[in-house]
Amino acid sequence: MYAAEDLRRNWFTGEKHTKKTYSVMIQIQIPEKVNMIIQTLTAAGYEAYAVGGCVRDAVLGREPADWDITTSASPYEVKALFSRTIDTGLQHGTVTVMLGKEGFEVTTYRVDGEYEDCRHPKEVQFTKSLLEDLKRRDFTINAMAYNEESGLVDEFDGIGDLRRGMIRCVGNAEERFTEDALRMLRAVRFSAQLGFKLEANTRTAIRKLCGNLRKVSAERIQVELTKLLVSPHPEKIVDAWETGMTKIFLPEFDACMECEQHNPHHIYSVGEHTVRAIQQIEADKILRLVMLLHDIGKPSVKTTDEAGIDHFYGHPAVSEELAGMVLRRLKFDNETIRQVKKLVCYHDYHPSRTPAGVRRAANKIGEELFSMYLKVQRADVLAQSPDTQAEKFAALAEVEQLYEKILEENDCFTLKQLAVTGRDLMQAGIPAGPGLGEILNHLLETVLEAPGRNEKEWLLREAIEFYQKNAV
Ligand code: ATP
Ligand code: MG
């Protein structure tokens, strides 16, 4: 990973620096529009800084996702200075300033009031002190501010923690996690995005307070879990397990971590295999969720034979069902749930390695998901026993080649590709109704075996014959 190493390489060539000298040394390239907003506010007598994630990312040489600005001006004062603004969250002090098509969130310095039930502050109060605003932020690396005039404001040694590769709470970890329990999961999410470690007190506090995650909404957990999974270090989910967090929002994962598999295909527990499989697939939300959940049903179907070999008969179907439950519980959208479930269902499906066998597989899985299905199988094998891999990769490559050929030749494997439609059949005298679907399926079955038959005349004749024979 580049983060901590780059910092060391660039700025820490053996010399010792004080916190102040780091600040002086660090210059951030702020986008022109952000600077323009900061300067407009400053010229009107207020303070304004880029703050939070964008400062962290800019220091690390990463492209910030968005630039947030913090200011001593009240939301109404901000609105008065810019011609186009949106009231994004006035009660929290946030106004979006529009410059062209781009929007920038400008938030008034604030302190969070009393926290209610480990979730949200009951109220927020505005303040005139930048330091107060930085103190309410979650981690030292997220609590830095920057503008061209003052340079970097880093009261909590965020730069030191970037250099050390540490996720550390601002202030007392237990207090900060008691205020807002989601911060515990955010700690692991940032450690996964940046390849950082959890600082010892931060980790200990999570172990103690992880139960409070129960009070956090599923939607907020979903956001952090997804960011963790699609990060460069999804294996950090093991930290979420080790500190007790997954037990709260994903106990099915804990069951996998505790499930050994003595089986010639495997050398890891179900949980460790799962984590390795996640690492072996590209950072796509659907694919990473599939790998997270593909074997989630294994613990509940495990049996051990007389020879001491573990079996997991029927686990894909059980995993599919459990995956659906987990994703619904975490409030994922229906389309995500549909795709993940289908890929989990077929993750262990091995078609016969013939053109017809692969056309059948493509028909079941669908063109939309078939290339993902191949990626899932590859990642699954990569996380299995190395002894069995060569054979499995050879089989997979064969399926891949057969599939490519099917696409190349434009072989029919869906109803849509069939050379006749329901309307054609009706025009040929077959009455509308459920029988029509049955005939179309029969034609598709025939064409899956013999693609040369996908020809209108022949199909119509076959349809009529089938209709008469079966009186459907
Ligand atoms: P990302 O790249 O994911 O956007 P980010 O650091 O910008 O990372 P956000 O969730 O967008 O993270 O939050 C912006 C900033 O607001 C953070 O950097 C942090 O200073 C502060 N913040 C966000 N959520 C919390 C929280 N739950 N508790 C304390 N501070 C928070
Ligand atoms: Mg952000």
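Position 1 is the first residue of the sequence, and the numbers go up from there. Each ligand, and each atom within it, is numbered from 1 in the order the structure gives.
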- Message: As a test of understanding, state which of L41, V95, V106, T96 forms a side chain to side chain contact (heavy atoms under 4.5 Å, CB included) with F82.
- Response: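 Option passing the side chain to side chain contact (heavy atoms under 4.5 Å, CB included) with F82: L41.
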Give the residue and atom name of whichever protein heavy atom lies nearest to [atom], and the separation in Å to one decimal.
atom: atom 28 (N) of ligand 1; answer: R183 NE, 2.7 Å
atom: atom 27 (N) of ligand 1; answer: D180 OD2, 2.9 Å
atom: atom 3 (O) of ligand 1; answer: R189 NH1, 2.7 Å
atom: atom 11 (O) of ligand 1; answer: D68 OD2, 4.8 Å

Minimum distance, heavy atoms only, to [atom]: which one of [options] is it?
atom: atom 2 (O) of ligand 1; options: E224, R56, R136, M184; value: R56
atom: atom 20 (O) of ligand 1; options: D112, N142, D57, T107; value: N142
atom: atom 15 (C) of ligand 1; options: Q193, E179, R137; value: R137

- Message: With a heavy-atom distance limit of 4.0 Å, tell me whether D138 approaches ligand 1 through its side chain, its backbone, both, or neither.
- Response: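 Both the backbone and the side chain of D138 come within reach of ligand 1.
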- Heavy atom under 4.0 Å from ligand 1: found in F139's side chain, backbone, both, or neither?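 For F139, no heavy atom sits under 4.0 Å from ligand 1.
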- Query: Any N or O of R186 that comes nearer than 3.5 Å to an N or O of ligand 1?
  - Reply: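 Between R186 and ligand 1 (N or O atoms, distance only) the closest approach is under 3.5 Å.
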- Item | Candidate list H273, E320, H347, H315, test side-chain hydrogen bond (donor to acceptor under 3.5 Å, both in side chains), partner H294, passing option | H273
- Item | Sole candidate of K302, H311, E272, H266 that passes side-chain hydrogen bond (donor to acceptor under 3.5 Å, both in side chains) when paired with Q261 | H266
- Query: Looking at K392 and D380, does any basic side-chain N land under 4.0 Å from a carboxylate oxygen?
  - Reply: no
- D161 and F156, any side-chain heavy atoms less than 4.5 Å apart: no
- Do the non-hydrogen side-chain atoms of Q339 and L289 ever get within less than 4.5 Å of each other? no
- Item | Closest non-hydrogen atom pair between I167 and T202, with its separation | O-OG1, 3.7 Å
- Which of the numbered atoms in ligand 1 are below 4.0 angstrom from a heavy atom of G52? 18 (O)
- Query: What atoms of ligand 1 come within less than 4.0 Å of a heavy atom belonging to G53?
  - Reply: 5 (P), 6 (O), 7 (O), 18 (O)
- Using atom types as modelled and distance alone, determine if a side-chain donor or acceptor of R56 lies under 3.5 Å from a backbone N or O of A143.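 Judged by distance alone, no pair lies under 3.5 Å.
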